[in-house]
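All remarks here apply to the structure that follows.
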Protein chains: 2
Amino acid sequence: MTGYPHGMARQELTERAPGTERIQRKRGKRVKEIVETAAELFGEHGYDAVSLDDVAERLDVTKGSLYYYFPSKEELATAAIETLGDEWTARLERLAEQHEGGHAGLLRTLLHEHITIAVRDYPAALRLFLVPRAWPTAQADRIKELRGRHDAVFRRVIEAGVDAGEFTVTGVDTTLQCMHAAMAQSPLWCARLRGKARGNAISELTETLMMLVGQPPRTG
Amino acid sequence: MTGYPHGMARQELTERAPGTERIQRKRGKRVKEIVETAAELFGEHGYDAVSLDDVAERLDVTKGSLYYYFPSKEELATAAIETLGDEWTARLERLAEQHEGGHAGLLRTLLHEHITIAVRDYPAALRLFLVPRAWPTAQADRIKELRGRHDAVFRRVIEAGVDAGEFTVTGVDTTLQCMHAAMAQSPLWCARLRGKARGNAISELTETLMMLVGQPPRTG
DNA sequence: ACAAAATTTGACCCTGGAGTCAATAGATGA
DNA sequence: TCATCTATTGACTCCAGGGTCAAATTTTGT
């Protein structure tokens with residue numbers, strides 16, 4: 001009757017950490033496994049179409065076990081979006097910091113990286129993150145915040161490029177929305193492709209999106 | 001114990017039409033009402049999130065009544081997509097035929113019209129039609145066919161424009177996909193806007209998408 | 001080796017929603 | 001007005017799937 005149901009219990013967790021560090025790490029690892037599997041499935045088939053039994057089955061456990069870590073299906077989905085969304089937002093932010101060179105170069109890098117992550121690592125999860133209303137409405141706020149951070153990375157480059165006279169856009173927001181919409185779908189288009197064909201598709205999409213800021217496509 | 005359950009019974013319907021013409025028209029009208037209401041709801045909340053009770057309620061009838069016209073929820077959803085998809089595909093095809101002038105002009109018209117229909121008339125249904133996997137998988141084929149026709153309208157203009165040296169694209173398919181992705185989301189972005197603001201948003205989106213074929217945005 | 005803590009199980013409850021159907025109400029035409 | 005066809009109802013079945021929980025199993029620290 002002990003155990004720490006529903007994993008987090010966030011406040012207490014920081015005050016007097018239950019279990020040893022080793023156990024905590026182990027737990028964290030398990031949570032991550034669950035979250036990634038869930039994201040995979042939710043993104044692929046949609047929130048409603050995936051049952052917790054499905055998630056459990058893919059993990060070779062039972063539904064009940066999931067409830068040891070998450071209090072509800074909604075929380076699980078939200079955790080999935082938050083965790084993964086945070087991960088690659090951070091990655092893009094890092095790229096943006098490190099980069100030196102023109103704005104076009106940076107934007108191209110960001111787009112390419114973003115699409116690559118989406119297609120290669122999280123073919124499904126990205127859609128969850130980017131497509132409004134794909135997740136349970138109750139959680140919309142927590143996700144919106146994250147989405148804002150994500151947007152900001154792209155917004156900064158675009159605005160900088162426009163100010164520098166390098167880019168031409170009709171409206172920054174609209175441009176952003178178009179980019180997101182396209183990237184959110186990209187996993188579907190590239191799902192079947194492998195190896196070189198996939199790489200080409202990603203590059204082609206990147207170049208196409210660069211045109212949204214008035215950058216003529218590169219030859220090659 | 002008679003009646004013509006599940007409406008169509010397609011073969012027989014053409015051979016020996018049941019009921020008088022007047023009754024048939026009336027029936028068709030009812031079917032259309034149902035289909036439009038269903039499309040509205042499905043598109044807005046997603047297939048799974050909408051129950052037939054929801055659809056019935058909005059129509060001020062009972063679920064059982066829907067089953068008099070459609071054999072299943074899936075069939076209803078498919079009918080919704082087919083009917084509406086066919087309608088506006090036809091409208092775009094007509095526009096393309098009538099048009100005289102440059103390719104850029106035609107593409108701009110098509111985009112603008114398409115987004116306008118989406119936002120004004122069927123804020124929701126369009127997403128059903130354009131976003132892969134938003135509908136029950138069993139029906140995917142029937143919808144894909146329709147989607148093909150729809151794509152063709154845009155593909156023709158783009159290819160013509162490229163051949164004429166008016167447009168620059170990295171790849172026609174990729175360009176098409178980006179356009180569709182953006183248009184599919186447009187109702188979400190413009191949902192809250194009304195009147196002039198909405199018109200502006202639509203125009204801005206149109207101009208932004210024109211950039212995908214290398215057309216600099218118009219001022220104004 | 002053993003007790004306490006951490007994890008997993010599987011059987012169980014309960015609700016929402018798809019689909020059915022006999023009975024009823026409403027149209028229509030003779 | 002009556003008989004027949006059309007349309008609608010509402011009560012019903014059935015089940016997938018979210019969520020619960022006591023008991024069993026595994027892991028951990030001593």
Side-chain angles (χ1 to χ4, degrees), chain A residues 1-9 12-13 16-34 38 41-42 45-78 136 138-139, chain B residues 1-9 12-13 16-34 37-38 41-42 45-78 136 138:
Chain A
M1 192 247 172
T2 24
Y4 287 82
H6 305 152
M8 319 282 97
E12 305 192 12
L13 216 162
R16 46 184 168 93
T20 63
E21 285 312 304
R22 182 144 164 261
I23 286 179
Q24 281 303 305
R25 262 207 310 279
K26 194 176 161 192
R27 182 189 189 85
K29 217 174 155 185
R30 195 94 185 90
V31 167
K32 203 176 170 190
E33 278 173 26
I34 295 174
L41 287 171
F42 284 144
H45 306 287
Y47 179 77
D48 296 290
V50 173
S51 73
L52 288 185
D53 287 309
D54 293 336
V55 179
E57 190 186 0
R58 169 147 336 173
L59 283 162
D60 276 318
V61 291
T62 331
K63 186 173 53 172
S65 201
L66 300 182
Y67 279 91
Y68 181 68
Y69 296 95
F70 298 92
S72 69
K73 190 185 178 188
E74 290 213 346
E75 272 301 322
L76 173 53
T78 309
Q139 310 295 329
Chain B
M1 189 245 175
T2 24
Y4 287 83
H6 306 152
M8 317 282 99
E12 305 191 11
L13 215 162
R16 46 183 168 93
T20 63
E21 286 312 304
R22 181 142 166 259
I23 287 179
Q24 281 301 303
R25 261 208 309 278
K26 195 174 161 192
R27 182 189 188 84
K29 216 174 157 187
R30 195 94 186 90
V31 166
K32 204 177 170 191
E33 278 174 26
I34 295 174
T37 305
L41 287 171
F42 284 145
H45 306 288
Y47 178 78
D48 296 290
V50 173
S51 73
L52 288 186
D53 286 309
D54 293 336
V55 179
E57 190 185 359
R58 172 149 331 176
L59 283 161
D60 276 317
V61 290
T62 330
K63 186 172 54 173
S65 201
L66 301 182
Y67 279 93
Y68 181 68
Y69 296 96
F70 298 92
S72 70
K73 189 184 177 187
E74 290 214 345
E75 272 301 322
L76 172 54
T78 309

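Below, each value reflects all heavy atoms present in this structure, side chains not excepted, and no hydrogens, waters or symmetry copies. None of the values given here were measured: they were computed from a predicted structure. Numbered from 1 within each chain, the chains take letters A, B, ... in sequence-line order.
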Would you say a side-chain N or O of [X] is under 4.0 Å from OP1 or OP2 of [N]?
| X | N | answer |
| --- | --- | --- |
| B:Tyr68 | D:dT8 | no |
| A:Tyr69 | C:dT8 | yes |
| B:Arg22 | C:dA27 | no |
| B:Arg27 | D:dT6 | no |

Just the rounded figure in Å: distance from [atom2] of [N] to [atom1] of [X].
| X | N | atom1 | atom2 | value |
| --- | --- | --- | --- | --- |
| B:Phe70 | D:dT8 | CZ | P | 12 Å |
| B:Leu66 | C:dG17 | CG | C1' | 13 Å |
| B:Ile23 | C:dG26 | CD1 | P | 17 Å |
| B:Lys26 | C:dG26 | NZ | P | 12 Å |
| A:Glu21 | C:dA6 | CD | P | 13 Å |
| B:Asp48 | D:dG17 | CG | P | 10 Å |
| A:Glu33 | C:dT7 | CD | P | 12 Å |
| A:Tyr67 | C:dC12 | OH | P | 19 Å |

Taking the side chain of B:Val61 as its heavy atoms from C-beta onward, which of C:dA27, D:dT9, C:dA18 lies nearest to it?
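Between C:dA27, D:dT9, C:dA18, the one nearest the side chain of B:Val61 would be D:dT9.
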Just wondering, do A:Val61 and A:Ile34 contact through their side chains at under 4.5 Å, heavy atoms?
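The answer is no, as the side chains (C-beta and beyond) never meet within the 4.5 Å cut-off.
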Would you indicate whether the side-chain heavy atoms of A:Glu33 and A:Tyr69 approach each other to under 4.5 Å?
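Side-chain contact under 4.5 Å: no.
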Spatial distance of atom OG1 (B:Thr78) from atom OH (B:Tyr47) [nearest 0.5 Å]:
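That separation rounds to 7.5 Å.
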Please round to the nearest 0.5 Å and tell me the distance separating atom CD of B:Glu21 and atom CD of B:Gln24.
7.0 Å
Establish, for the pair B:Lys73 and B:Phe42, whether the NZ or CZ atom is under 6.0 angstrom from the six-membered ring centre and no further than 45 degrees off its axis.
no
Using a cut-off of 4.0 Å between protein heavy atoms and nucleotide atoms, how would you tag nucleotides 10-16 of chain D 5' to 3' with B, S and -?
B------
Output every pair passing side chain to side chain donor-acceptor pair (under 3.5 Å) with a member in residues 48-62 of chain A, not counting sequence neighbours, ordered by first then second residue.
A:Ser51-A:Asp54
Distance-minimising heavy-atom pair for B:Pro71 and B:Glu75:
CG-CG, 3.6 Å
For the student: nearest non-hydrogen atoms of B:Val55 and B:Leu41, plus distance:
CA-CD1, 3.7 Å
Using heavy atoms and a sub-4.0 Å distance, could you list which residues of residues 49-58 of chain B are near DNA chain C? By number, please.
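B:Val50, B:Ser51, B:Leu52 - these, ordered by number, are the residues of the stretch whose heavy atoms sit under 4.0 Å from the strand.
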